[in-house]
Every structure is written in structure tokens, then in C-alpha cells.
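Quick note on labels: first sequence line is chain A, next is B, and so on, each numbered from 1. These numbers come from the heavy atoms of this one structure, side chains and all, not from hydrogens, waters or symmetry mates.
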Amino acid sequence: MSTSFQNIRGTFDILPDAYTEGETRIASSAEWQAVESVIDDVMRRYNYEEIRTPIFEPTELVARGVGQNTDIVQKEMFAFERSDTQYVLRPEITAPVMRAYLQHHLDQRGGVQKLFYVGPCFRAEKPQKGRYRQFHQFGVEVIGADDARADAETIASMMAIYDAFGIDDTRLRINTLGMPAARSAYVSDLVDYLEPYADELSDTSRRRLETNPLRILDTKLDHEQDLLRDAPILTDYVRDEDRAHYEEVKGLLDELDVAYDEDPHLVRGLDYYTRTAFELESPSLGAQSALAGGGRYDLLAQEIGSDEPVPAIGYAAGMERLFLALDTDRLPEPDRPDVFLAALGDDAARWVFRTTQTLRREGLHVAFDMKGRSLKAQMREANRQDATYTLIIGGNELEAEAATVKHMESGEQTEVPFAELTDYLTDRATA
RNA sequence: GUGGGCAUAGCUCAGUUGGUUAGAGCGCUAGGUUGUGGUCCUAGAGGUCGUGGGUUCAAAUCCCACUGCUCACCCCA
């Protein structure tokens, strides 16, 4: 069996069993479910409610939300046109959530809206380890609060997810980016500072001097880090009130026992971020070391058409990167059949087929063979599926109206009258 | 977009200086048990050796091109 088709570059299939793709293990569908259910549980404890938005949006929303001059908008959008309207597969979920918040007047529900999401995003980057063209993000958006407690709780909830998976070799970095005015004043001073050293900068850093000076702060080259030691510091340009807010956030994180490193060089890639910014990284991920990142985006609502400011903070995290950092042995075992029904002969096969339905209506996980195979093959199948019990039904059992019930692990067999079968199995299966 | 690496069975991989019918382990199917799985034994199915071209009496093996995958740069989750 084969086909000339294959999944599109940078995407992957999630199969019943895990498999490897390059250096990456693609988790099984059961593992994805298990991970999502842990995420759900943490979100519930932190009192977030789920929101689901479409996977495509008007290009304009993304361009305005994420920022016209970001890499995402300039070269990574999966865009298409239909009936003179421009669409994109969403590259992130914050702008869509804010769009939904404004569109449906969620502020009218009262209080602060604490939302979370899990779903696919699309970016036309060249794939590599931990980076896909269709990838999955989960995240939260807290909309309608500028209180520092919103910042601290958001960060704490993010850490709680990784705690729940026992991922502790991480580093949380935080910073404040201030408002755009502070940032642009800072950027121009930073460029002024660095330009005399242009000759000492790497090619990419010299290019960034034009395109994205803030990113130079992120450099991994030691001699560039040395250069930056005496560079102006963003925090010095930030308004007093923003700095005070930042101080408050740090104090609250301390109160919640959330450990962090202050990093005045931390910047974020999307335009909508203001004030608090943070990023969680893990050394176990390879080149794509960011597990999650987020921050405040108090200007986004107005950017996409709100007539009044809406303070908000959130983060986005990569599911694929979570899996890279994860020890899958810690995930719960997948569900297996309570009972496998094996049949000998046509009459028995008919009885088995009918009985699957009765047992399933009682809530049992029931498997059987539909290829008319030998009893031996059916037993093998029951074993492979790791069924707890196997029923053996042949002429003898039909005549006696009692099933042979085999407990697979112990190998013990007993006769159970058809009339008592449901009780017998439900008692033991749910135990 | 720019570089490096890789491409042989469903999976993981052998395959000698180019040489006859391309192999192993695992997995799959079946038999060893006229009605019994896991261990064991036996057998079987499954490959146009990524594609196209070239060199040669002869190519999985050498050369070229292409495609795909992968890792890294860039960027980000």
C-alpha cells in the first residue's frame, strides 16, 4: 500500500502510535489528549474559560494586530484570496481573541475576561526542530485588567502548566518594554550608541541595526554582549508609572514563589507588546529554545479598531515544544479494551456482534474481530490490544448460554451465564 | 530566503575494491494446538534501493541534475 501524496512540508500527522521524524518524536494522539487534559485542568484551577476562534481571519486583522513590519506579516503568512477578500491562516491567536472580545462585547459579561485556547497556527517558516508550518499553541489572554496581579497571575499560571508536567529545567526571564514612545526613543539612542561599533558587529547584527535594532540585545555572541554592557538600557526610558507597575509585578511574583530572572535585554517579536514582557526557555529544545512567551498588550484593542483602550496581558506557548521538554512516561496510559469478544463460527459471530452493542451501551470499552479470523488470531489480537478480558464464544457457549470469560493477565477462565455477563464485566472493568 | 547532512522493506538499519536472485532485527500474516494470547519454533507476504540522466560488459554502490526530508542561520511558540 502506498500513495504518491504526503503531508505538506512543515506539518505532521498525529497517529495512534508515537513515531519519530528526524530528531523529533511525534507523540501519539492519546498523548496529545493527555497533555491537553492536563492543560485544561490547570486552566480550570486558575479560573480561565476556553475560547475557540476560526483558524482563518482577515489579513487586515493580523497585519494590524501582529504588526506590519514583523517577519510574520512580511514573509510568513499563509494567505489566500476569495471574492476580493484577503484571508490568512492565523499565525497566532492573541489578535483573533481580542477581535472576538471586542466583536461580542465580552466586557459586558462583567469583570475581567480570563480566556484560554488550544489550537493550530500557521507560519510559512522553513521547518526545523521545534518549528513547524502548522504548529499548535495554547495560551491565555486576560482582558480588561491593568492591575499588576493580572500580570503576576498570568505568569504564575504559565509556570503551573510546566510544573504539572514536571518540567523544571526552565528559565523565566522578565522585563518591561514600556510604551511605544519609550521604546522608539530607546531604539534611536541604541542605534546611535552601536553605530560607531558597526565594524565589530556581525553581519546579522549590522543588518538588524536597520531592520530590528532591539533584537541585537538578544545576541548570543560574547563580544557583542560585551559591547552591550555599556549600552543604554530600555528600563531607563520607561515612564515612572510603567516602572512602578513592573516593580509591583516582581513583588507579586515573589509572593507567589515564582522564580524569575530580570533581563533588561529581553524583547518580544510582535509589535503589540507593551510594558511587562516575559519568556520561558528550556535548554532541552535545541535551537528553538522558547517554550512560551508573552506580555502585556494594552494597545492592541485600539490598533484593531476599539474606540477605547482595553488593557490586556497573555502568553502563548508551543505544544510541540512542550512535548520536546516532556517526559512522556509521566503521561497516563491510554485506554484499552475492557473486553474482547472472540467468536467461533457464524452463529457465534452474530451473537458477538449483537453483544458488542449491549455491552457498549453499559459503558464498556469493547473490541472484536471483523475479519472472520481463527480463534488463535483473535486471541492474538485481544492480546495486542491489551484487553482486560476476552470472551470466547462458540457452539458450546451458545448452547449453554454461558460465555467463557478469560482474564488475560492471569490466564484464568470462568463460565459466566449470558444473563449475568453485563454485571460481571461492569463490576470488574470499573474497579 | 541562505547553508550543512541524509534518502535501501511498515520501522530501525546492514550491504565489501561496482559483480549473479538486495539482506537482518522488529512489526505484520499464517502454521506448530479438530476451540485459546503473551514465550518459543517454522514458513510467508512486503523493495521499480527517492526521481531522472550519465559512465560501464555490469550501478543500491561512481558522476551530474532534480525532488523530498532533516538540522542550523534568520525568526519565533
Quiz item: What's the closest nucleotide to the A:Thr24 side chain, out of B:A77, B:G35, B:C71?
Solution: B:C71

Practice problem: Can you figure out which of B:G37, B:C71, B:A77 approaches the side chain of A:Met408 most closely? | Solution: B:G37

Self-check item: Residue matched to B:U70 through Watson-Crick or wobble contacts both under 3.5 angstrom
Solution: B:G4

Self-check item: Residue mapping more 5' on RNA chain B - nearest nucleotide basis, A:Thr11 or A:Glu279
Solution: A:Thr11

Exercise. Go through A:Tyr389 and A:Phe340 one step at a time and tell me if the ring-ring contact (aromatic ring centres under 6.0 Å, His included) criterion holds.
Key: CA-CA 6 Å; A:Tyr389 291 95; A:Phe340 187 102; over 10 Å; no

Quiz prompt | Identified pairing partner of B:U39, criterion: Watson-Crick or G-U wobble below 3.5 Å | solution = none

Exercise. Between B:C73, B:C69, B:U36, spot the one nearest the side chain of A:Ala287, thanks.
Key: B:C73

Exercise. Side chain of A:Lys406 only, please: which of B:C74, B:U36, B:G1 is the nearest?
Key: B:U36

Self-check item: Nearest-angstrom distance from the residue atom CD of A:Glu21 to C1' of B:C6
Solution: 13 Å

Quiz item: Donor-acceptor pair under 3.5 Å: do we get one between A:Gln288's side chain and the base of B:A72?
Solution: no

Quiz item: Looking at A:Arg384, does any N or O in its side chain come under 4.0 Å of the phosphate oxygens OP1/OP2 on B:G27?
Solution: no

Self-check item: B:G15 to B:C74 separation - P atoms, rounded to the nearest Å
Solution: 36 Å

Quiz item: Taking the nucleotide of RNA chain B with the closest heavy atom to each, which residue, A:His136 or A:Lys376, is nearer the 5' end?
Solution: A:Lys376

Quiz item: If you check the A:Ala377 side chain, which of B:A30, B:A72, B:U36 turns out closest?
Solution: B:A30

Quiz prompt | Any donor-acceptor N/O pair, A:Gln378 side chain to A:Arg373 backbone, under 3.5 Å | solution = yes

Quiz item: What is the distance, rounded to the nearest whole Å, between atom CZ of A:Phe138 and atom C1' of B:A77?
Solution: 9 Å

Quiz item: Does any nucleotide pair with B:A9 by Watson-Crick or G-U wobble geometry, both distances under 3.5 Å, and what is it?
Solution: none

Exercise. Counting heavy atoms from C-beta on, name the nucleotide in B:A72, B:G68, B:G31 closest to the side chain of A:Ser374.
Key: B:G31

Quiz prompt | Pairwise P distance, B:C11 and B:U70 [rounded to whole Å] | solution = 14 Å

Quiz item: Can you check the A:Lys126 NZ to B:G5 P distance for me, whole Å?
Solution: 13 Å

Practice problem: Using only heavy-atom distances, decide whether a donor-acceptor pair under 3.5 angstrom links the side-chain of A:Glu76 to the base of B:G1. | Solution: no

Quiz item: What interatomic distance, in whole Å, is found between P of B:G52 and the corresponding atom of B:C57?
Solution: 23 Å

Exercise. Searching all strands shown, indicate the nucleotide that pairs with B:U33 (Watson-Crick or G-U wobble; both distances under 3.5 Å).
Key: none

Practice problem: Return yes if the base of B:C74 and the side-chain atoms of A:Gln128 contain a donor-acceptor N/O pair under 3.5 Å, otherwise no. | Solution: yes

Quiz item: Who is the Watson-Crick or G-U wobble partner of B:A65, with both distances under 3.5 Å?
Solution: B:U51

Exercise. Please state the P separation for the pair B:C28 and B:G38 - nearest whole angstrom.
Key: 11 Å

Exercise. Applying ring-ring contact (aromatic ring centres under 6.0 Å, His included), run through A:Phe116 and A:Tyr48 and close with a yes or a no.
Key: CA-CA 6 Å; A:Phe116 84 95; A:Tyr48 293 103; 7.2 Å; no

Quiz item: For B:C57, which nucleotide is its Watson-Crick or G-U wobble mate, given both distances must be under 3.5 Å?
Solution: B:G19

Quiz item: Would A:Arg131 count as a cation-pi partner of A:Phe135, with NZ or CZ less than 6.0 Å from the six-membered ring centre and within 45° of the ring normal?
Solution: no

Quiz item: Roughly, in whole Å, what's the span from CG in A:Asp17 to C1' in B:C11?
Solution: 11 Å

Self-check item: Interatomic distance where CD1 belongs to A:Ile392 and P belongs to B:G37 [whole Å]
Solution: 9 Å

Quiz prompt | Between A:Asp151 and A:Thr276, a side-chain donor and acceptor under 3.5 Å | solution = yes

Practice problem: Describe the nucleic acid contact of A:Gly411 in one word from base, sugar-phosphate, nothing, applying a heavy-atom distance below 4.0 Å. | Solution: base

Quiz item: How is A:Ala292 classified with respect to the nucleic acid when contacts are heavy atoms under 4.0 Å: base, sugar-phosphate, or nothing?
Solution: sugar-phosphate

Quiz prompt | Polar pair under 3.5 Å, donor/acceptor by atom type, side chain A:Arg131, base B:A77 | solution = no

Exercise. Give a yes or no on whether a donor-acceptor pair under 3.5 Å exists between the nucleobase atoms of B:U70, that is its base, and the side chain of A:Glu23.
Key: no

Quiz prompt | Spacing between A:Arg380 atom CZ and B:G35 atom P, to the nearest angstrom | solution = 15 Å

Practice problem: Name the orientation class of the two ring planes belonging to A:Phe138 and A:Tyr162 (parallel below 30°, tilted from 30 to 60°, perpendicular beyond 60°). | Solution: tilted

Self-check item: d(CD1, A:Ile26; C1', B:C69) in whole Å
Solution: 13 Å

Quiz item: Is any side-chain nitrogen or oxygen of A:Arg9 closer than 4.0 Å to OP1 or OP2 of B:G68?
Solution: no

Exercise. Kindly compute the distance separating CZ (A:Arg64) from CD (A:Glu303), expressed to the nearest 0.5 Å.
Key: 6.5 Å

Quiz item: Between A:Tyr273 and A:Tyr297, how do the two ring planes meet: parallel, tilted or perpendicular, split at 30° and 60°?
Solution: perpendicular

Exercise. Please work out if A:Gln413 contacts a base, only the sugar-phosphate, or nothing of the nucleic acid, heavy-atom cut-off 4.0 Å.
Key: base

Practice problem: With heavy atoms under 4.0 Å as the rule, sort A:Glu397 into base, sugar-phosphate or nothing. | Solution: base

Quiz item: Does a donor on one side chain and an acceptor on the other come within less than 3.5 Å for A:Glu92 and A:Tyr272?
Solution: yes

Exercise. Between B:C13 and B:U20, how far apart are the C1' atoms? Round to whole Å, please.
Key: 25 Å

Exercise. Write down the distance separating the P atoms in B:C41 and B:G46, rounded off to the nearest Å.
Key: 24 Å

Quiz item: Which part of the nucleic acid does A:Leu291 contact within heavy-atom distance under 4.0 Å: base, sugar-phosphate only, or nothing?
Solution: sugar-phosphate

Practice problem: Remember a base hit wins even if backbone is also touched, and classify A:Gly345 as base, sugar-phosphate or nothing at under 4.0 Å, heavy atoms. | Solution: nothing

Self-check item: Watson-Crick or G-U counterpart of B:G27, or none if no pair lies under 3.5 Å
Solution: none

Quiz item: Taking the same atom, C1', in B:G54 and in B:A58, what whole-Å distance lies between them?
Solution: 15 Å

Quiz prompt | Rounded distance in Å between the P positions of B:C69 and B:U8 | solution = 14 Å

Quiz item: How close or far is atom P of B:G68 from atom CZ of A:Arg133, stated in whole angstroms?
Solution: 10 Å

